[in-house]
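Naming convention: chains lettered A, B, ... in sequence-line order (proteins, then strands); numbering from 1 in each chain.
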Number of protein chains: 2
Amino acid sequence: MNERTALTRPDGTPVRVLVVDDEPDIAEVVTGVLRYEGWDVRTAGTGRDAVREGLDFRPDAVVLDIMLPDRDGLSVLRELRAAQPHVCVLFLTARDTVEDRVTGITAGGDDYVTKPFSLEELVARLRGLLRRAGMTRDLAESAQLTVGDLVMDEDAREVTRGGTGIDLSPTEFELLRCLMRNPRRVLSKTQLLDRVWSYDFGGQAHVVELYVSYLRKKIDAGREPMIHTVRGAGYVLKPAGR
Amino acid sequence: MNERTALTRPDGTPVRVLVVDDEPDIAEVVTGVLRYEGWDVRTAGTGRDAVREGLDFRPDAVVLDIMLPDRDGLSVLRELRAAQPHVCVLFLTARDTVEDRVTGITAGGDDYVTKPFSLEELVARLRGLLRRAGMTRDLAESAQLTVGDLVMDEDAREVTRGGTGIDLSPTEFELLRCLMRNPRRVLSKTQLLDRVWSYDFGGQAHVVELYVSYLRKKIDAGREPMIHTVRGAGYVLKPAGR
DNA sequence: CGAACCTCTGAGCGGGCTCTGAACGGGAGG
DNA sequence: CCTCCCGTTCAGAGCCCGCTCAGAGGTTCG
């Protein structure tokens, strides 16, 4: 469990998420990372199971693959919504099915990520959904991350240090978000690779080093460093000075 | 929820809307976007259900398909008005039924949109109806949107920046409205497609880029830019300078 | 019936982004 | 002090993303 982001429902119990995907590998890895976030997770591999679990489990949010073996993800959503009108949905889609199948969905506050996705992004999107739907306890829970004088606004996709803006590329942004959500905790290159890069990325840990180097140039440039190397272990982000 | 447009009734409770359409996809997507606006929404698929829900739910406004499987939308309206004389109605009509069926409706204060419609326009029309009917709490709730020195008068369909008028085509206007209602928040091309373009639009996200380009020429021309590209994420509208 | 406008498609271009490979430097341990 | 290895950084290739132009069809309006 990690207390840093203990995201709970208004009644204090953990947020409930139902994960629906027919590929066991994906279902497992998504379930794992959400459990790690401290949420209450159940899994379904078919549309039928999804509906059954939905009625029983009453989740706050559903991670739903659009392509299911037995039926269409959108019809599953309709059925779930009939019982729980306000449930949040994060769709998983293959790249080529994005345009035609997801029409209208993001307008209703729901969202989607395309396979292959990064876990960091999936979690961020899901947190965003829950926050905007007002399903979390902490109403002050804003889209703002702060570590020392470093501030990230996730909605505006803006990062500032000491008030001055910093431009980041998508990968740099994702990497920094991961570090900022785990301040003072050493993250290994493998962990960062698993969270920030897509699960089908075949590359080496060397890329992490490279992007840390990029980040340092933009964030620590001239100032007191916040990103620290722990030799043989990984990287840490700490407020400057301490 | 989005605090930016928390539109509430005089007693502070959310505005109530009844959505009546027999096509599940349309009912779903309309319901979704209205819930996203923070309103209290119920759905009916037939005229009979609509009347029953209307008597029970007592909505402030009704989104009503004129062509229903069991009965005529206008007769449904008559029945609803018998119980609630002042309820607002936004009709959904097919293009070819506009002339004969909806004549006189707008004179009574109600409004209509033709299928296929854009969600941005539907929401705007509905907001307009409620505002003019005095059903919203905030009477200062004007038809005016302001971001920096950029001002949009939704009723007059006029846009000015720094006092000088700007001519926009219908799509450009709708796109800008969407951006102005979400200042400082990055909107993805998919989100913009879903909100600004009709739900049956099969096209690619490339169109959004094109129209953003048009908007920039008219709004940012020569001045300090307000529309910003966030690579890999989407577009943001911000007051100039920040 | 013609003209102006609007919307969308397609193609080309420019540049940012991501990753590979290699060289360099410094720490740790022998 | 030397060596190995880990980490850093540079340079560059390729790709993808976003911007823009030109033009075809459709619609509206005079």
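- The CG-P distance, from B/L192 to C/dC8, rounds to 14 Å in whole Å.
- The distance between atom CD of B/E174 and atom P of C/dT7, rounded to the nearest whole Å, is 10 Å.
- With rounding to whole Å, A/D220 atom CG is found 15 Å from D/dT9 atom C1'.
- Between B/E154 and B/R125, no side-chain nitrogen of the basic residue sits less than 4.0 Å from a carboxylate oxygen of the acidic one, so the salt-bridge criterion is not met.
- Proximity of A/W197 to the phosphate of C/dC19: a side-chain N or O atom is located under 4.0 Å from OP1 or OP2.
- For the pair B/D200 CG and C/dT7 P, the computed distance is 15 Å after rounding to whole Å.
- Between the NZ atom of B/K218 and the P atom of C/dC5 there is a distance of 10 Å, given to the nearest Å.
- In this structure, a donor-acceptor pair under 3.5 Å is present between the side chains of A/T106 and B/D194.
- Under the rule for a salt bridge (charged side-chain N to carboxylate O under 4.0 Å, His left out), the partners of A/R78 that lie at least two apart in sequence or sit in another chain are B/D25.
- Taking only side-chain nitrogens and oxygens, B/S169 comes nearer than 4.0 Å to OP1 or OP2 of C/dT7.
- Here D/dT8 presents its P atom at 12 Å from NE2 of A/H228, a figure rounded to the nearest Å.
- Straight-line distance from the CD atom of B/Q204 to the P atom of C/dA11: 13 Å, rounded to whole Å.
- In this structure, a donor-acceptor pair under 3.5 Å is present between the side chains of B/T31 and B/T43.
- Pairs of residues two or more places apart, or lying in two chains, that qualify as ring pair (Phe, Tyr, Trp, His ring centres under 6.0 Å) and include a residue from residues 205-230 of chain B are B/W197-B/Y211, B/Y211-B/Y214.
- With sequence neighbours left out, B/F173 forms a ring pair (Phe, Tyr, Trp, His ring centres under 6.0 Å) with no residue at all.
- A donor-acceptor pair shorter than 3.5 Å cannot be found between the side chains of B/T190 and B/R195.
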Going 5' to 3' through nucleotides 17-30 of chain D, assign each nucleotide B (protein heavy atom under 4.0 Å from a base atom), S (under 4.0 Å only from sugar-phosphate atoms) or - (no protein heavy atom that close). BSBBB---------
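- Axis angle between the ends of the helix from C/dC1-D/dG30 to C/dG30-D/dC1, five pairs each and rounded to 10 degrees, works out to 30°.
- Using a 4.5 Å heavy-atom cutoff, the side chains of A/V19 and A/V41 are in contact.
- Per the geometry, OH belonging to A/Y211 stands 15 Å off P belonging to D/dT9, to the nearest Å.
- With sequence neighbours left out, the side chain to side chain donor-acceptor pair (under 3.5 Å) criterion links B/R71 to B/S75, B/E79.
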